[in-house]
Amino acid sequence: MSNHRRRFFIPMVIIIVVIATIAVIMWFKPNKAITETIQTRPLNSKNDSTQKLSHIANGIKPAAPSHTRFTTGLENLPRSLQGTDVDGEIIIDENQKLVVTEGLRRLFDYFLSALGEENEATIYARVKSYIRSHTPEPAASQAITIFNEYIAYLKAIPDIQKRYGNLQLQATQNGELDLNMAAQQKQDVAKLRQQHFAQETIAAFFGAEDDYDDYSIAMITMHKDPLLSAEQKAAAQQDYISRMPNNATKANIQQQANLSELITRTEQLKAKGATPDELYNIRRELVGAAAAGRLAQVDKEDANFDQRFNQYQAQKQQLLSQSAGNTQIQSQINQLEQQLFSDTERKRLAGYAAIQQQTSP
């Protein structure tokens, strides 16, 4: 779809703004590659490609012997990891004890992403060697213990997936999201985590995604409330965000809330014939001067394209009215397209014209 036809989508944008709010939150949500898809949580199953990891992880046996010998854990990496930097981190304090962070989970997920290319014993040996070659004691043993706990957690998650997956799928197919079921599933996952991890590990590994889940559920509940006006919903959203802890999660959610509001308010102002200065001011308020400037440039490009397209349509209709089906006429139309549009723009003309026709009153 051409980027030059935003103003024809005003009704559509307003209708889908609630869905866009939730969807864009999911887009920016941090990637917890393995367990998010294992859980099949309805609010943030972002990466379907990791579904196979859950099935393979279910068969991991950390204690299995391996004849593979590693020094650093990075020898003979599987193809999917070759040429990549190790994701994640191992942080220790002044006493050489482990400081558990979300980055440690990313480190585990980095190596576990090769499951299928390597067997479970090799993966375990590789992670253990990497930790010991990069980490002093007692932090190294602490990290390996948490890795064992993480594997056990991954093996247990599919039971919850099986328990809730079909029920939630049925509710979704009926056009609704069962928030009570989602809340119960979230509680069961929380209990499972408590069985496998210390509280500090739970907070470090899953705190951010829990914040996103809570926010998503709150927003869905709010937007389903027929007694709230659009202004009240917007105010409630900002109130919720303001009460969140000041961290990266809050910053990302605020950014996406601003983006959603920007889309809505921009289209409303354009529908009312707002001036470029009025659009710039509201954009600067929501996304800053730099982004507002870039959007103003896009508006100029849109207006330029609109002018050229209207000219093209008028001349094209005039040519077609002269002699329909004449090959010479088609040649003149092709020449007109080349004069008015770039190669990229010409590829979009047919779809652009169809959209314009559908959205015209």
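Position 1 is the first residue of the sequence, and the numbers go up from there.
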Considering residues at least two apart in sequence or located in another chain, which fulfil the salt bridge (Lys or Arg N to Asp or Glu O under 4.0 Å) criterion with Asp239? Arg243
Output all residues satisfying salt bridge (Lys or Arg N to Asp or Glu O under 4.0 Å) with Arg346, sequence neighbours left out; order by chain, then residue number.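 Expected list: Asp343.
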Could you tell me whether [X] and [Y] make a salt bridge, using a distance below 4.0 angstrom between a side-chain N and a carboxylate O?
{"X": "Arg193", "Y": "Asp210", "result": "yes"}
{"X": "Arg69", "Y": "Glu75", "result": "no"}
{"X": "Arg126", "Y": "Glu120", "result": "no"}
{"X": "Asp214", "Y": "Lys186", "result": "yes"}

Using 30° and 60° as the class boundaries, would you call the ring planes of [X] and [Y] parallel, tilted or perpendicular?
{"X": "Phe111", "Y": "Tyr130", "value": "tilted"}
{"X": "Phe305", "Y": "Phe341", "value": "tilted"}
{"X": "Tyr150", "Y": "Phe205", "value": "perpendicular"}

Are side-chain N/O atoms of [X] and [Y] paired as donor and acceptor at under 3.5 Å?
{"X": "Tyr110", "Y": "Thr84", "answer": "yes"}
{"X": "Asn334", "Y": "Gln338", "answer": "no"}
{"X": "Thr122", "Y": "Asn119", "answer": "yes"}
{"X": "Thr201", "Y": "Glu149", "answer": "no"}

Glu137 side chain to Ser141 backbone, donor-acceptor under 3.5 Å: yes
Between Asp225 and Lys233, does a salt bridge (charged side-chain N to carboxylate O under 4.0 Å, His left out) hold up when you go through it step by step? CA-CA 9 Å; Asp225 189 343; Lys233 291 176 180 179; over 6 Å; no
Could you walk me through whether Tyr215 and Gln237 pass the side-chain hydrogen bond (donor to acceptor under 3.5 Å, both in side chains) check? CA-CA 9 Å; Tyr215 172 76; Gln237 180 184 30; 2.8 Å; yes
